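To start, the structure itself, in structure tokens.
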Amino acid sequence: MIEFVRSVRLWFAPERVRDDGDTPDYRFSLANERTFLAWLRTALALIGGGFAVDQFLPDLRWAWRAGLALALLAAGALCALRAVSHWVRCEQAMRRGEDLPVSRFPALLSVVVALVAVAMVVVVLAGWAG
């Protein structure tokens with residue numbers, strides 16, 4: 001738990017990452033930042049999709065609409081939080097000369113998006129209206 005709190009503090013004070021290890025090749029740090037930004041774009045797309053489901057499918061039953069929208073919004077929020085966490089962990093690993101951290105999050109996110117997509121296909125094909 002203490003390590004998690006230390007990691008969260010680095011989210012808001014990234015200059016403290018420099019206190020650990022040696023400075024990596026700047027190209028690796030910039031690639032890490034581009035990956036972070038790609039995750040943020042994914043998060044924004046998921047959040048936008050959640051709002052789109054809620055706003056543009058008014059004839060859909062409320063439970064379906066809310067469920068699909070909330071699943072996308074939650075996935076977007078988790079994706080944004082995971083992006084900054086992964087950025088810090090990768091930066092620390094590069095500075096320490098360690099292997100980059102692995103994560104199950106991409107697989108989890110893929111499953112959630114696939115489930116929402118399947119639910120949307122079912123909704124569209126069945127034509128369920130509220």
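What you see is a predicted model, and the numbers here were worked out from it, not measured in a lab.
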Would a single hydrophobic cluster contain both Leu70 and Trp62, if residues Ile, Leu, Val, Met, Phe, Trp and Tyr are joined by side-chain heavy-atom contacts under 4.5 Å?
no
If you measure from SG on Cys79 to CG on Leu44, what distance do you get to the nearest 0.5 Å?
9.0 Å
Any donor-acceptor pair under 3.5 Å from Asn32 side chain to Trp87 backbone
yes
Does the pair Asp22/Arg95 count as a salt bridge with the N-to-O cut at 4.0 Å?
no
Minimum heavy-atom separation for Asp54 to Ala69, with atom names?
CB-CB, 4.0 Å
If you group Ile, Leu, Val, Met, Phe, Trp and Tyr by side-chain heavy-atom gaps below 4.5 Å, do Trp39 and Leu100 land in one group?
no
Shortest non-hydrogen pair, Val53 vs Leu68, comes out as CG1-CB, 3.9 Å
Please name all residues satisfying side chain to side chain donor-acceptor pair (under 3.5 Å) with Arg16, sequence neighbours left out, ordered by chain then number.
none
Sub-3.5 Å donor-acceptor pair from the side chain of Thr35 to the main-chain atoms of Ala31, do we have one?
yes
Quick one: does Leu81's side chain get under 4.5 Å of Trp11's, heavy atoms only?
yes
What is the minimum heavy-atom distance between Glu91 and Ser29, and which atoms define it?
OE2-OG, 2.8 Å
Under 3.5 Å, which donor-acceptor pairs link side chains of residues 101-125 to any protein atom two or more places apart or in another chain?
{"residue": "Ser103", "atom": "OG", "partner": "Arg82", "partner atom": "NE", "Å": "3.4"}
{"residue": "Ser103", "atom": "OG", "partner": "Arg82", "partner atom": "NH2", "Å": "2.9"}
{"residue": "Ser103", "atom": "OG", "partner": "Phe105", "partner atom": "N", "Å": "3.0"}
{"residue": "Ser110", "atom": "OG", "partner": "Pro106", "partner atom": "O", "Å": "2.8"}

Partner set under side chain to side chain donor-acceptor pair (under 3.5 Å) for Asp25, not counting sequence neighbours:
Arg27
Distance-only donor-acceptor check, side chains Asp20 and Gln92, under 3.5 Å:
no
Shared hydrophobic cluster for Ile47 and Val84 (ILVMFWY, side-chain gaps under 4.5 Å):
no
Flag the pair Leu73 / Phe51 as yes when at least one side-chain heavy-atom distance between them is below 4.5 Å, and no otherwise.
yes
So, taking the atom named OG in Ser85 and the one named CG in Leu10, what distance separates them when rounded to the nearest 0.5 Å?
10.5 Å
